[in-house]
Structures are given as C-alpha cells and as structure tokens.
Amino acid sequence: MGRWTNGATRGGVLALLLLMAAVLPGTPIARQAPLGALSVVARAAVDENDDHDGFMEHSSPAVPTPTAAALIGELVVRKAPIPVGPVTYVPILYYHYIRINPNPRDRVGFGLSTPPAAFHAQMRYLADHGFHVVSLQQAVMAIRNHSGLPTRSLVLTFDDGYADFFSNAVPILQSYGFTATSFVITGRMGWGGYMTPSQIVAADSMGFTIGAHTVDHVALAAQVPARASWEIKQSKLTLETLLGHPVRDFAYPYGSFNLYDMAQAKSLGFETGVSTLSGTWHSAGQLFELSRVRVGGGLPLAYFANLVAGPQPTSAELAGAGVAPTTPTAAPSPTPAPSPTP
C-alpha cells in the first residue's frame with residue numbers, strides 16, 4: 001500500500017478522483033466500464049507489503065485492482081441518510097480483520113485490524129454491561145415490523161470472510177454466547193488469509209450467519225449492469241450450494257452501490273443489503289441500504305463504549321484492556337441513543 005501511495009503520479013491522482021465519483025453511493029455519474037488507468041490482473045500472489053484487498057481471483061473478465069477504492073470505501077466514514085417512516089434503533093457494528101496488523105507501514109491494514117485482545121475486551125464489555133447481541137435477521141424483523149428488541153441490542157458483522165474470523169473471533173464470540181454475520185467473498189475462499197469452504201461450513205453449523213460479499217470484491221457502482229448482477233447472483237449461488245440453504249444477507253464491497261444494485265439484490269432473493277454508511281436508525285423502506293458502525297483498528301475501549309452508546313468502562317475493565325485507569329477522563333462521554341432528526 002505504501003509503495004502505491006508514495007509512487008502516485010498525477011495520472012494516478014486523476015484516476016483516484018474518477019474512482020471516487022464512481023464508488024460513492026448516490027454520485028450522479030453514469031455506469032461505465034472499469035477505469036483503464038488502474039492496473040488489471042487476472043490473478044496475483046498476495047504481497048505481504050500490501051493488504052489482501054489489493055488482489056483478486058477472477059472467474060470472469062479481469063477487473064481493476066481496487067487499492068484506491070479500499071482507501072475510499074473502507075476508511076472514509078459517510079453518514080447515512082435520515083430514515084423515512086417508523087424507525088428502529090439498533091447499531092450494526094462491522095469489523096474486518098481480528099488480528100495484529102502484520103505490517104506497520106500498511107495504514108489501511110491497521111485501520112481494518114482489531115487486535116484479538118482488544119476484540120476480547122470489547123466483547124467482555126458488552127457482556128458486562130447488559131448488551132444483547134442479536135442476529136442480523138432478528139434486527140431486520142424488528143425493523144420491518146417496527147417491533148421491539150431487548151434493551152441495548154446490537155448486531156455484529158464481519159466483512160470479507162477472513163480466516164481470522166474463524167480462528168480468532170469465533171472462539172471469543174462463543175465464549176460469550178454471541179452470534180455474528182460473516183460476509184464472504186466467494187472468489188477468495190481458500191486463499192491465504194481467507195476462510196476455506198470447510199471453515200465457512202463449520203461457522204454456519206455453529207450458528208453464525210454467512211452472507212454474500214460478491215465474487216471478486218468489486219465496487220459494484222463502477223461495473224456495467226451485467227457484471228454487477230453476475231457478482232451479486234453468483235456469490236449467492238456459490239454459498240447456497242456450499243451451505244445447502246438460502247443465503248439472505250448481502251454486503252456491498254467498499255460501500256459502493258446504486259439503485260440498480262439494490263434492485264438486483266432484492267430481485268435475486270436477498271432480504272438485506274448492508275452498506276458502509278454510518279448510522280444506527282433504520283426503517284423498513286431501507287433494508288437494502290442498511291447503515292452500520294465501523295469498528296476501526298486501535299480503538300480504545302472508552303471510545304468503543306461511546307460508539308455503542310454505553311457507560312464508560314470501569315477502571316478494572318480498562319486495566320484488563322491494557323489501558324491506564326486515568327484514560328476515561330480524556331474520552332468522550334457516552335452518547336445516548338438519540339431520536340433521528342425529522
């Protein structure tokens with residue numbers, strides 16, 4: 001990642017600006033073929049100096065390396081539109097890696113990596129403070145019917161189907177009786193750093209939900225309609241064949257989608273489409289653009305508490321998370337669940 005940014009030329013900057021216009025939801029730009037200014041690969045080995053999102057396996061024509069899109073869609077926080085109609089409050093948290101970032105120079109990797117010890121402290125905090133971790137489908141039913149959820153309910157989701165979800169996150173989640181949804185890039189199953197098909201089946205059998213995240217992790221809004229539709233449909237079919245049951249949940253890579261992609265996801269049988277737009281209030285009319293809350297790398301426990309609108313951690317909790325007890329004085333005060341602005 002560092003090599004790309006340090007060596008960027010003016011032409012690369014122009015390509016980045018054009019890509020921003022293509023991947024950001026709601027941008028008034030016509031669909032176009034993938035940008036030719038970015039390098040195109042059919043298959044490339046993973047470089048330890050770059051994050052995994054820089055390389056893709058392709059079962060159809062090659063698409064651009066999405067390194068620039070990763071910087072935009074994965075790390076830039078954009079607010080979700082205000083929901084219309086009856087609303088339900090439930091934070092849908094999303095993680096990527098549960099690992100110690102192996103390359104200090106990889107700033108994208110750092111931003112997407114939650115160390116296992118920090119993740120354990122976050123889950124312990126949720127358990128100790130009476131949070132109820134519900135499945136995405138439970139939350140969707142409450143949103144659709146505008147029915148109640150237990151106090152302090154939230155949803156846990158994990159994007160990309162990394163192997164550390166199975167090796168690091170699942171044991172911690174099981175120890176607290178928590179559930180979660182893992183959105184899998186089907187074209188990368190079995191790659192180094194990604195879950196194998198057998199691990200995906202095992203996670204599913206343990207009660208974790210497996211959702212689709214396209215075949216090649218492309219920015220859907222930048223694809224021609226046929227390619228976008230194929231990515232959505234094929235990822236669903238692959239997982240359903242593997243698991244032997246319907247796959248109902250879909251996540252848009254990089255948060256890149258438009259009205260066509262939403263309609264395709266719905267027509268192909270998905271019941272939800274989650275975005276990277278930031279928000280905690282949801283309405284029945286927005287089930288295919290559900291907002292979420294990103295849990296970034298290096299997030300102190302006190303900030304995580306604020307993120308989920310919980311009380312500040314106790315001194316013992318901070319000590320257990322490896323933080324000096326004086327830290328809470330510098331952290332923001334917890335934010336109660338507000339009512340959305342009309």
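We number each residue from 1, following the sequence as shown. Note that these values count all heavy atoms, side chains included, but never hydrogens, waters or copies made by symmetry. These numbers come from a predicted model, not from an experiment.
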Side chains of [X] and [Y]: does their closest heavy-atom pair fall under 4.5 Å?
X      : Y      : value
Val247 : Phe270 : yes
Arg294 : Ser278 : no
Leu220 : Ile232 : yes
Ile200 : Leu243 : yes
Thr276 : Tyr254 : no
Ile185 : Asp216 : no

Q.
Check for me, please, whether Ile172 and Leu299 land in the same ILVMFWY cluster - side-chain distances under 4.5 Å, paths through other members count.
A.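 Yes, Ile172 and Leu299 fall within the same hydrophobic cluster.
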Q.
Please determine whether residues Val293 and Leu126 belong to a single hydrophobic cluster, defined as Ile, Leu, Val, Met, Phe, Trp and Tyr linked transitively by side-chain heavy-atom distances below 4.5 Å.
A. yes
Is there a donor-acceptor pair under 3.5 Å between the side chain of [X] and the backbone N or O of [Y]?
X      : Y      : value
Gln138 : Ser135 : yes
Glu317 : Thr314 : yes
Ser291 : Gly279 : yes
Glu231 : Thr214 : no
Asp160 : Tyr162 : no
His146 : Val87  : yes
Thr238 : Ser235 : no
Ser229 : Pro225 : no

Check the side chains of [Y] and [X] for a donor-acceptor pair under 3.5 angstrom, ignoring hydrogens and angles.
X      : Y      : answer
Tyr176 : His120 : yes
Glu289 : Ser275 : no
Asn258 : Tyr260 : no
Tyr252 : His213 : no

Which pair of heavy atoms, one from [X] and one from [Y], lies closest together, and at what distance?
X      : Y      : value
Leu149 : Ala139 : CD1-CA, 4.5 Å
Phe165 : Ala203 : CE2-CB, 4.4 Å
Ser153 : Val90  : O-CG2, 3.9 Å

Q.
Taking side chain to side chain contact (heavy atoms under 4.5 Å, CB included) as the definition, give me every residue that meets it alongside Ser113, ordered by chain and number, with sequence neighbours left out.
A. Tyr97, Arg99, Asn101
Measure the spacing between [atom1] of [X] and [atom2] of [Y] and express it to the nearest 0.5 Å.
X      : Y      : atom1 : atom2 : result
Met206 : Gln199 : CE    : CD    : 9.0 Å
Gln264 : Trp230 : CD    : CH2   : 14.0 Å
Leu156 : Thr209 : CG    : OG1   : 11.0 Å

Residues which pass side-chain hydrogen bond (donor to acceptor under 3.5 Å, both in side chains) with [X], listed by chain and number, not counting sequence neighbours:
X      : value
Ser283 : Gln286
Thr272 : Asp249
Asp204 : His245
Ser198 : Thr196

Q | With Arg292 via salt bridge (charged side-chain N to carboxylate O under 4.0 Å, His left out) - residues at least two apart | A |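 If we apply the salt bridge (charged side-chain N to carboxylate O under 4.0 Å, His left out) test to Arg292, skipping adjacent residues, the hits are Asp159.
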Q.
Once salt bridge (charged side-chain N to carboxylate O under 4.0 Å, His left out) is applied, do any residues pair with Arg152, and if so which ones, sequence neighbours excluded?
A.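 Result, salt bridge (charged side-chain N to carboxylate O under 4.0 Å, His left out) vs Arg152: none returned.
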Q | Pairs meeting criterion salt bridge (Lys or Arg N to Asp or Glu O under 4.0 Å) with involvement of residues 262-282, two or more places apart | A |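 Listed by first then second residue: Arg248-Glu271.
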Q.
Suppose the criterion is salt bridge (Lys or Arg N to Asp or Glu O under 4.0 Å): which pairs have a residue in residues 161-172, not counting sequence neighbours?
A. none
Which residues pass the ring pair (Phe, Tyr, Trp, His ring centres under 6.0 Å) test with [X], sequence neighbours left out?
X      : answer
Phe110 : none
Phe166 : none
Phe119 : Tyr95, Phe158

Q: Identify which one of Val201, Ile210, Val184 satisfies the side chain to side chain contact (heavy atoms under 4.5 Å, CB included) criterion when paired with Leu242.
A: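 Per the side chain to side chain contact (heavy atoms under 4.5 Å, CB included) rule, the option paired with Leu242 is Val201, out of Val201, Ile210, Val184.
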